[in-house]
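The structure appears below as structure tokens.
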Amino acid sequence: MNVSVVLFTSDLRLHDHPPLRAALEGAREVVPLFVRDRAVTGAGFAAPNRLAFLADCLHDLDEGLRERGGRLVVRSGDVVAEVCRVAAEADADEVHLAADVSAYAQLREVRLRRALEAEGVRLHVHDTVTSAVDPGAVAPASSDHFAVFTPYFGHWSRWRQRDTLGAPRKVRVPDGIGSEPVPSRRGLSGLSPGLAAGGETEGRKRLAAWLRSGIAGYEDGHDDLFGDATSRLSPHLHFGTLSPVELVHRARAAGGPGAEAFVRQVAWRDFHRQVLAARPDAAAADYRTKRDRWRTERTASEDIEAWREGRTGYPVVDAAMRQLRHEGWMHNRGRLLTASFLTKTLYVDWRVGARHFLDLLVDGDMANNQLNWQWMAGTGTDSRPNRVLNPVTQAKRYDPDGAYVRRWVPELAEVAGPAVHEPWKLPGLDRAALDYPDPLVDLSEGLARFRRARERDENRAAP
DNA sequence: GTGTATTTCAG
DNA sequence: TGAAATACA
């Protein structure tokens, strides 16, 4: 065995990388390859925030490889065609790849295997790269995946994680394999001004800081919107600049109730991944349909636009939507309450919301994003599909002083204390002085509409 | 063993 | 309400 190709996808790191390790052990030289697949980065799915974060990741990966005597090879085009081309150029006999769960990733694996085998090249697909516990590693007796988190978490917790792998010391890349320039942030427009920086170096720095001084306060603080005691590691998990296996090991080593609560969130990520792996269509179709006849772009465009822009007249909803636009990120509590508002209060199709989140979120992820949206819409794995989060109750609970709202809704910056959550209750003059809209809908009217709609749609005869 | 009833508990 | 584990036939 002389040369292996390592195809990097959502695993843009050198530490704890089983495909890279296997390639280095089996071959004298390795081609670390990233393909900008037009199916992912092309028009229609161009999410500038993620393209910028991706550019950081690729730049850092290239640098890390150069420090080890290698470099990153970047190509553009169809991922299968490019892998075959590079394998032929390098005269490689093996290709290594991390397993992944989306329909796109599953099809990519099948297509790659077929195309490479026709060329006499073996494809090795590696587990425990993009998940801590792989889809199918644990399953209930009567199904290929869990549909309820709690029993899943029991099995997940008992699963023995493999040991983590160090980064390689040396990577030899064959001469003469051409590469495009590593993409950069320059030229990207429409970026969120407060967008986080990407890359493995940055991710490891954040992880170290989080374990040192963040994780201990996680259990108590994770739901507080303003305090934001969350790890902000989600984009690093999405792009694989951090290994979920390493994350679980190191969080457990940190110990304490904060670590436990944090590890539970990593398990939620794996939970959604094993649902999507078994049901890849759930990225676009109801996991369990409620036969909803949602309002859509066609029938509710003004409501949808007000939601997207953060001018629904419900301050906490608007604050969260503006945080999303400004940072390319939103606090998880905000994600739940804005999703409830769009799907339950406005009765708008969850796909409209999921799509907007994917357009902006730097951690926008098929499994987590789509299945959390379905969870909140009541078409997913939630056992109480008709639950509605009241934005005022949520605001008072998770932003008790109103600081989060004042931070993101400057029109309300002068309103002191929790009164900021209900500007419609302010005395007439004070309220008139604010350049802030009246509530888009009455909450109880929204709730009544939702209940009527669910009853109507659920009772409709099957087509 | 296999299929079915029961119980438990859920972001 | 419904999924999963357990009890039971």
Apply side chain to side chain contact (heavy atoms under 4.5 Å, CB included) to A:Glu305 and list each qualifying residue two or more places apart in sequence or on a separate chain.
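Counting only residues at least two positions away or on another chain, A:Glu305 forms a side chain to side chain contact (heavy atoms under 4.5 Å, CB included) with A:Arg308, A:Glu309, A:Arg311.
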Side chain to side chain contact (heavy atoms under 4.5 Å, CB included) involving A:Ser189 - partner list, sequence neighbours excluded:
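Not a single residue meets the side chain to side chain contact (heavy atoms under 4.5 Å, CB included) criterion with A:Ser189.
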Greater than 12 external heavy atoms within 6.0 Å of A:Asp281's CG
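Counting other residues, nucleotides and ligands, CG of A:Asp281 exceeds 12 neighbours.
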Pair listing, salt bridge (charged side-chain N to carboxylate O under 4.0 Å, His left out) test, anchored in residues 336-352 of chain A, at least two apart:
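Every pair satisfying salt bridge (charged side-chain N to carboxylate O under 4.0 Å, His left out) with a residue in residues 336-352 of chain A: A:Asp286-A:Arg351, A:Asp349-A:Arg351.
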Where at least one partner belongs to residues 404-414 of chain A, residue pairs that pass salt bridge (charged side-chain N to carboxylate O under 4.0 Å, His left out), sequence neighbours excluded
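Sorted pair list: A:Arg322-A:Glu411, A:Asp401-A:Arg406.
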When the aromatic ring centroids of A:Trp307 and A:His356 are compared, is their separation below 6.0 Å?
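Under 6.0 Å, so yes.
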Under 4.0 Å from a heavy atom of chain A: give me the 5'-most and 3'-most nucleotides of DNA chain C that qualify.
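Range of nucleotides touched by chain A: C:dT1 to C:dA5.
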Could you check whether A:Arg333 makes a cation-pi contact with A:Tyr398, meaning its NZ or CZ is under 6.0 Å from the centre of the six-membered ring and within 45° of the ring axis?
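Yes, cation above the ring, under 6.0 Å and within 45°.
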Assign a letter to each nucleotide of nucleotides 3-11 of chain B from its 5' end: B, base within under 4.0 Å of a protein heavy atom; S, sugar-phosphate only; -, no contact.
-------BB
